Amino acid sequence: MTEIIKPRPISGFPEWLPSEKILEEKMLGTIRKTFERFGFSPLETPAVERNEVLTSKGGNEKEIYTLARLAGTPEDDAKEYSLHFDLTVPLARYVAQHFQRLSFPFRRYQIQKVWRGERPQDGRFREFYQCDIDIIGEENLSLLADAEIPSVIHQIFSAMEIGDFIIKINNRKILSGFLQFHNIPAERHNDILRTIDKVEKIGREKVERELSSVIGLPGECVTGLLDLTSLQGTREEVLMRLESLDYGDLFRTGVFELREVVENMEGLGVPSGNYRIDSSVARGLDYYTGTVYETNLKAHPDIGSICSGGRFDNLAGNFIKKRLPGVGISIGLTRLFSRLLAAGIVKPGASTVSNILVTILDRSYLKEYLAIATQLRGMGLNAEVYTEPKALKKQLQFASKKGFKMVLIAGENEFRERKAKIKNMESGEEREVSLDRLGEEASLLLSPG
RNA sequence: GUGAGCGUAGCUCAGCCGGUAGAGCUCUGGAUUGUGGAUCCAGCGGCCGCGGGUUCAAGCCCCGUCGCUCACCCCA
């Protein structure tokens, strides 16, 4: 007697049913296609990096899954390699390593799983897809790149048809310029910005309290900061208001950059209804230095940011003595997908990618059925043959459950006249078609209307 | 890492004041010959997370442990 091992999921490591995975793949496909439309080249780096690489940016080491071989001395192995926890650090290493052979501005996309050891909860996983694009410049990178990113985001989420969305854009120099102007020490900026970033989540009052009591920011500074981050109005109104404020050079540079980016976004086809200047967007990550982005679904703000990123001054300072500024975004597809599913914004449909199931009614005609399937495939249809010797009833039940739109049925009567029946599984309607014109008929049935 | 809650059938859950387990859904089969999704009938399915304790008796109470979920931290 073999002992049954109870199969159970591992928390934080999602897996989907076919009907769900088909949807996720479709989204991945949309993302990939759009990335390529903007000239980003595919790139894949190993799932594993050296620890010295992963920890070079001072990331939270507790998040990292370290590798140990099953056989061998764990102590030795464990020190050296780990799974990557994002795609930016591997990109930095990659760009530095292959610097001479790459063309700059270098633009690549990377769609891979990443791993983080953090405790899972709603919308937070330990294994998930990141879909990253970045544009990396050599020494310099035009602000045009910053304007292009929202255009990519816009096209992706429009194509996905997941409801109206808003890209929130800001420039970090505005906030850090303000803090610098008020003589707040640089090492405290991150805490402050992280708190500001929570305005939408916990509300203005709590942020105000946290800024003054926990962080100890002077009252006037808190008020100024919160006024700054709650600016509202049209794009032009907000920009003019920002331009009227005098918080020093860095602040002014930030406002100037923001205007330039936003004005170019228009030419890149981002409608004004799909983006907004939002000075509260700070992004917790400390490596962002200029433009920052966040994107939300208008009807589902609770889902949180579905895509975020920004500009950084120097990508690979730890790996190469070149200044490589860049700008990019990351779509956390697993989180996005799981929440769209939970919210019912995307709904699982068929459990098959096939268009048609070829049933086998009479096994003495096996060769004919197989030839039909081959013919359908030749026409570009996805065709599946029901291989098991079961009653037609069972075959149709199978087709229903799996969500086939069409089923081909043929027996002695049909074959005698070189015909087959094509049954539409939604309407139940059946049509007799000539075997010689099968492909065209099937395509007709599949096309909408 | 910190805090809270929850572990009963494949899934969602019920189970009273402690008396050795139940529903719905799913699944499988059937309602005659080459036609599914609806309905009806039947059936499969449980070391009540694991270990210990209290008790005549524990799914229920107590302790521990593991797991899960949520929140915080942080982030996609």
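Predicted, not measured: the structure shown is a model, and the values here were computed from it. Residue numbering restarts at 1 for every chain, and letters A, B, ... go by the order of the sequence lines.
A donor-acceptor contact under 3.5 Å links the side chain of A:Arg124 to the base of B:C74. With hydrogens and angles left out, the side chain of A:Arg116 and the base of B:C75 share no donor-acceptor pair within 3.5 Å. Between the side chain of A:Ser400 and the base of B:G37, no donor-acceptor pair under 3.5 Å is found. Contact annotation: side chain of A:Arg119 to base of B:U2, donor-acceptor pair present below 3.5 Å. Remark: the A:Gln395 side chain and the B:G34 base include no donor-acceptor N/O pair separated by less than 3.5 Å. A donor-acceptor contact under 3.5 Å links the side chain of A:Asn413 to the base of B:G34.
Look at B:G1: its Watson-Crick or wobble partner, with both distances under 3.5 angstrom, is B:C72. Remark: B:C6 base-pairs with B:G67; criterion is Watson-Crick or G-U wobble with both hydrogen-bond distances under 3.5 Å. With both pairing distances under 3.5 Å, B:C48 is matched to nothing as a Watson-Crick or G-U wobble pair. Of the nucleotides present, B:C13 is the one that pairs with B:G22 by Watson-Crick or G-U wobble criteria, both distances under 3.5 Å. Base pairing of B:G37: no nucleotide in any strand meets the Watson-Crick or G-U wobble criterion (both distances under 3.5 Å). In this structure B:U55 sits in no base pair that meets the Watson-Crick or G-U test at under 3.5 Å. Searching all strands for a Watson-Crick or G-U wobble partner of B:U28 with both distances below 3.5 Å returns B:A42.
Remark on RNA chain B: of its neighbouring residues A:Arg335 and A:Gly12, the 5'-side contact belongs to A:Gly12, judged by nearest-heavy-atom nucleotide. Comparing A:Gly123 and A:Glu412 by the nucleotide of RNA chain B that holds the closest heavy atom to each, the one mapping nearer the 5' end is A:Glu412.
Contacts of A:Gln130 with the nucleic acid, taken as non-hydrogen atoms under 4.0 Å apart, involve only primed sugar atoms and P, OP1 or OP2. Using a 4.0 Å heavy-atom distance criterion, A:Gly304 is classed as making no nucleic acid contact. Residue-level contact check: A:Ile409 touches the bases, meaning some heavy atom is under 4.0 Å from a base atom. A:Phe125 comes within 4.0 angstrom of a base, heavy atoms only. Residue contacts for A:Lys421: at a heavy-atom cut-off of 4.0 Å it reaches a base atom on one of the strands shown. Residue contacts for A:Ser308: at a heavy-atom cut-off of 4.0 Å it reaches the sugar-phosphate backbone alone, with no base atom in range. Within the 4.0 angstrom heavy-atom criterion, base atoms lie near A:Glu414.
Both cation-pi conditions hold for A:Arg107 and A:Phe40: the charged atom is under 6.0 angstrom from the six-membered ring centre and inside a 45 degree cone around its axis.
Following rounding to the nearest Å, A:Ile422 (CD1) and B:G34 (P) show an atom-to-atom distance of 22 Å. Straight-line distance from the CG atom of A:Asp122 to the C1' atom of B:A76: 13 Å, rounded to whole Å. Whole-Å rounding puts the A:Asp197 CG to B:C72 P distance at 14 Å. Separating the NZ atom of A:Lys206 from the P atom of B:C72 is a distance of 9 Å, rounded to the nearest angstrom. Distance, A:Arg194 CZ to B:C73 C1': 9 Å, rounded to whole Å. If you take NZ of A:Lys393 and P of B:U35, they are 7 Å apart, rounded to a whole angstrom. For the pair A:Asp302 CG and B:C70 P, the interatomic distance rounds to 14 Å; values are reported in whole Å. Rounded to whole Å, the distance from CG on A:Leu17 to C1' on B:C11 is 11 Å.
Under a cut-off of 6.0 angstrom, the local environment of NZ in A:Lys26 is sparse, with at most 12 non-hydrogen atoms contributed by other residues, nucleotides or ligands.
Comparing atom distances between the A:Met425 side chain and each of B:A76, B:G36, B:C74 picks out B:G36 as nearest. Closest to the A:Gln121 side chain, of the nucleotides B:U35, B:G37, B:C73, is B:C73. For A:Lys401, the listed nucleotide lying nearest its side chain is B:C27; candidates were B:G34, B:C27, B:G36.
Taking atom C1' in both B:C11 and B:U26, the straight-line distance is 7 Å, to the nearest Å. Nucleotides B:G43 and B:C50 have their P atoms positioned 28 Å apart, rounded to a whole Å. B:U8 and B:U69 are spaced 13 Å apart, taking the P atom of each and rounding to whole Å. The gap from the C1' atom of B:A38 to that of B:A31 amounts to 14 Å, rounded to the nearest Å. Taking the C1' atom of each, B:U39 and B:C13 are spaced 26 Å apart, rounded to whole Å. When the C1' atom is compared between B:G46 and B:G15, the two are found 14 Å apart, to the nearest whole Å. Comparing B:C60 with B:C16, their P atoms sit 11 Å apart, to the nearest whole Å. For B:G7 and B:C63, the P atoms lie 16 Å apart once the distance is rounded to whole Å.
Checked by atom type and distance alone, the side chain of A:Asn355 never pairs as donor or acceptor with a backbone atom of A:Leu381 at under 3.5 Å. Put simply, the side chain of A:Asp197 gets close to the backbone of A:Ala282: a donor and an acceptor are under 3.5 Å apart.
When the side-chain nitrogen and oxygen atoms of A:Lys394 are compared with OP1 and OP2 of B:G30, one or more of them lie within a distance under 4.0 Å. Dashed line: the shortest gap from a side-chain N or O of A:Ser305 to OP1 or OP2 of B:C75 is not under 4.0 Å. Residue A:Lys198 places at least one side-chain N or O under 4.0 Å from the OP1 or OP2 atom of B:C73. Residue A:Lys423 places no side-chain N or O under 4.0 Å from the OP1 or OP2 atom of B:U35.
In summary, A:Lys33 and A:Glu36 do not engage in a salt bridge, as defined by a charged side-chain N under 4.0 Å from a carboxylate O. Using a 4.0 Å cut-off between charged nitrogen and carboxylate oxygen, A:Lys168 and A:Glu294 count as a salt-bridge pair. Checked for salt-bridge contact, A:Glu118 and A:Arg126 miss the test: no charged N lies under 4.0 Å from a carboxylate O.
Judged by distance alone, the side chains of A:Thr66 and A:Ser82 do bring a donor and an acceptor atom under 3.5 Å apart.
Annotation: side chain of A:Leu340 is in contact with side chain of A:Leu297 (closest heavy-atom distance under 4.5 Å).
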